[in-house]
Peer 1: 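Dumping the structure here so I can ask a few things about it.
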Amino acid sequence: MVIAVDGPAASGKGTLARRLAAHYGLPALDTGLLYRMVARALLDASQPIDDPVAAAAMASRFDEAGFGEDVLRGREIGEAASVVAAFPGVRSALIERQRRFAAQEGGAVLDGRDIGTVICPDAPVKLFVTATPEVRAARRHRELAGRGEVATFAGILADIRRRDARDSGRSDAPLKAAADAVILDTSALTVEEAVAAAIDIVDRRRRV
Ligand code: DC
């Protein structure tokens with residue numbers, strides 16, 4: 001069973017994808033990390049992140065094993081990842097890795113922005129996880145504070161709005177819910193409530 005989990009930044013989709021993977025015993029891929037790796041690799045090589053040709057070349061040659069998750073999770077890398085993710089050459093270079101992961105025997109859980117629409121359009125279960133920008137900013141604020149990063153709530157909210165606009169407004173594989181996705185708004189839900197709702201959605205889909 002392939003479970004596609006899409007949604008905007010800090011919607012809770014990563015947590016839900018990990019919890020669904022544990023619940024159903026499936027491997028999980030956070031596809032945002034791939035875009036973050038491309039951005040990190042460009043910065044490490046002192047290359048500009050806004051050059052589509054350099055970014056596409058990096059996307060086809062970077063080594064996934066070369067990065068600890070810690071260096072990929074920072075605020076500045078999320079922003080840079082959103083920039084490189086808008087380049088069609090970067091997206092096409094990353095498609096095969098993601099489809100290969102999804103094609104594993106038994107299935108997989110993938111989370112990102114275009115899993116249900118582009119990477120796995122035939123996934124039997126698609127979730128689109130969302131929450132208001134203010135709730136997402138508050139979550140990201142707590143997460144960054146936990147990692148020792150200093151940032152204001154207003155600054156993070158501005159980041160989230162800018163990323164939403166870039167991720168939804170790009171012409172190639174923009175962030176949007178697949179027509180057959182179930183929308184899960186986590187604004188008023190605790191993590192445990194959101195996990196229970198997601199499991200319920202998957203179980204219902206599996207029965208039809
Ligand atoms: O989910 P995230 O915040 O780690 O993703 C970082 C950026 O990568 C995000 O702003 C947009 C991009 N991304 C994408 O375009 N497609 C995906 N499947 C996953 C992430």
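In listed order, ligands and their atoms are each counted from 1. Everything numeric in this text was worked out from a predicted model, so none of it was measured.
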Peer 1: Below 4.0 Å from any atom of ligand 1, which residues have a heavy atom? Give them in chain and number order, please.
Peer 2: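 Ligand 1 is contacted, at a heavy-atom distance under 4.0 Å, by Lys13, Thr31, Gly32, Tyr35, Arg36, Ala81, Ser82, Ala85, Arg91, Gly112, Arg113, Asp114, Arg163, Asp167, Arg170.
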Peer 1: Can you sort out the partners of Glu96 under side-chain hydrogen bond (donor to acceptor under 3.5 Å, both in side chains), two or more places apart, ordered by chain and number?
Peer 2: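 Glu96 satisfies side-chain hydrogen bond (donor to acceptor under 3.5 Å, both in side chains) with no residue once adjacent residues are dropped.
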Peer 1: Kindly indicate whether the side chain of Asp167, heavy atoms from C-beta on, has any atom under 4.5 Å from the side chain of Pro8.
Peer 2: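 They are not in contact (no side-chain heavy atoms under 4.5 Å apart), so the answer is no.
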Peer 1: Evaluate the side-chain proximity of Cys120 to Phe101: yes if any heavy-atom separation is below 4.5 Å, no if none is.
Peer 2: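 Phe101 does not reach Cys120 side chain to side chain.
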Peer 1: Are there over 12 heavy-atom neighbours, none belonging to Glu143, within less than 6.0 Å of that residue's CD?
Peer 2: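 It does: Glu143 CD has more than 12 such atoms within range.
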Peer 1: In chain order, what residues pass the side-chain hydrogen bond (donor to acceptor under 3.5 Å, both in side chains) check against Arg161, with sequence neighbours excluded?
Peer 2: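 Applying side-chain hydrogen bond (donor to acceptor under 3.5 Å, both in side chains) to Arg161 gives Glu134.
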Peer 1: Show which side-chain atoms of residues 16-28 pair as donor or acceptor with protein atoms under 3.5 Å away, not counting sequence neighbours.
Peer 2:
{"unit_1": "Arg19", "atom_1": "NH1", "unit_2": "Glu192", "atom_2": "OE2", "d": "3.1"}
{"unit_1": "Arg19", "atom_1": "NH2", "unit_2": "Glu192", "atom_2": "OE1", "d": "2.9"}
{"unit_1": "Tyr24", "atom_1": "OH", "unit_2": "Ile199", "atom_2": "O", "d": "3.3"}
{"unit_1": "Tyr24", "atom_1": "OH", "unit_2": "Asp203", "atom_2": "OD1", "d": "2.7"}

